[in-house]
Amino acid sequence: MADKRLQCIVVTPERTVVDEAVDFVAVPLYDGELGVLPGRAPLIARMGCGELRTHGGGQTRRYYVDGGFVQVRGQAVTVLTPRASKAAEIDPHKVDENLATALAQAGNNSDAALAARSRATAQKRVAARASQ
Amino acid sequence: MAKLRELVNRRKAVRNIAKITRTMELIATARFKKALDRAIEADAFTRKIAELAADLSASATTITHPLMSSRAEVKSSVLLVIAGNRGLCGGYNGGIMRVAVHRLRELAEQPGLTTHLELSGKRAMQFFRYQGYTAEHTYTQFEDKPQFDGVDPIATRYIEGFIAGRYDRVEVAYQKFLSASRQTPVVETLLPLASHQVETRKPGQVEATPSQNVEYEYLPDAASILAEILPVAFKVRLFKCFLDAAVSEQIARRVAMKAATDNANDLIKSISQSYNRARQAQITKELAEIIGGAAAVE
């Protein structure tokens, strides 16, 4: 059987961030992480904010994605997200700032405040793992 | 000679202006290419969203989403006008203002309808201030590279306002990019979403057909994912409007500056001809004086 790999495509409204062949993709869903190996059954899922991980060619690449949708079909894993960036490129100061502002709104439980908090914590987590 | 000096100075001034307009033409060409690339990337995103929506709606029964419900009574309408910050782009700003004012007058004729005017671009702000309209929100940060992060809060406000009932309709007046040689100012209704608006915008292309043979697993479930996709589709649609406007503005500026450069070059030619004629006339005159003087001495 031919060597099956996954084609991982991450698309944002501004550009295609990732389009490469990998062996394994981990996407952050709204309720936890989902791992995708080649040959997985087709899937459409809603994502949450967090770390997108790909293993390919002995390298692990980490990205931060800001929610969106993931579609697994055949050999393609397509991630549609409003914002995506390489974990190493996240500015740690900015992340700390965002986290501080979000946590300062601790009492506010409106949708926007909750979303901001989860986004800031997810970003901080991804940035921290990237620097390990 | 006075006339000669004048002509030389005039020619120098026109040459300098020709240099400036030529540079602006080149810059506009480069910016147009970049803006077009971004518009094409956004297209890829839109196509994927349409694919997902088609796949999802094949399994969900009927799509009813608050964003798609057209209100029987339209009491509050939003008109967002997207124009440029600077001029020197030919008929670009003027065309958009024309269709926007036309639409505003139409809306003003309907009784009981309040129109909320929102403007993007200093030219639009100047124009509507002059016309006596007050805008509720103004944006000047969208230049030739609109960012999705900049459009996101506006789109979110429209979505929340529409669902909450504050707005019954959202329309956008902008220059639609059809091709590199065709752009036209339009007023389009973005909310309520029509089902075809979730599809890709290229006409003539086959609608995204659901892949019949693929049995998807849905997390959490098809209906709720579909419900989540529609706001994203709207946001990208609004982002596309800004992208189209940016591309069209650069094209308009390039065309206008090219015409200006060509005019300047023609002017330089005609001034040069006048200058040469004047110079020769002066030489002839001096010669005639000398000969006349010499003849008088004899």
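Residue numbers start from 1 in every chain, and the chains themselves are labelled A, B, ... in the order their sequence lines are given, proteins ahead of strands.
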Practice prompt. Mark yes or no for whether A/E33, through its side chain, and A/A26, through its backbone, hold a donor-acceptor pair below 3.5 Å.
Written response: no
Discussion item. Is it the case that the side chain of B/D168 and the backbone of B/S76 share a donor-acceptor pair, with hydrogens and angles ignored and the cut-off at 3.5 Å?
Written reply: yes
Contact class of [X] relative to chain B, heavy atoms under 4.5 angstrom:
| X | answer |
| --- | --- |
| A/V72 | backbone |
| A/L29 | side chain |
| A/T16 | both |

Worksheet item: Would you say the side-chain atoms of A/Q59 and A/R61 include a donor-acceptor pair closer than 3.5 Å?
Response: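 Note: A/Q59 and A/R61 side chains meet the donor-acceptor criterion.
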Can you tell which part of [X] gets under 4.5 Å to a heavy atom of chain A, answering side chain, backbone, both or neither?
| X | result |
| --- | --- |
| B/F239 | side chain |
| B/Q147 | both |
| B/D152 | side chain |

Worksheet item: Among A/P13, A/A41, A/P82, which residue forms the greatest number of heavy-atom pairs with chain B at distances under 4.5 Å?
Response: A/P13
Worksheet item: Counting heavy-atom pairs under 4.5 Å to chain A, which of B/R38, B/K48, B/E160, B/K235 comes out on top?
Response: B/K48
Discussion item. For the residue pair B/R71 and B/F162, would you count it as a cation-pi contact if the rule is NZ or CZ under 6.0 angstrom from the ring centre and within 45 degrees of the ring axis?
Written reply: yes
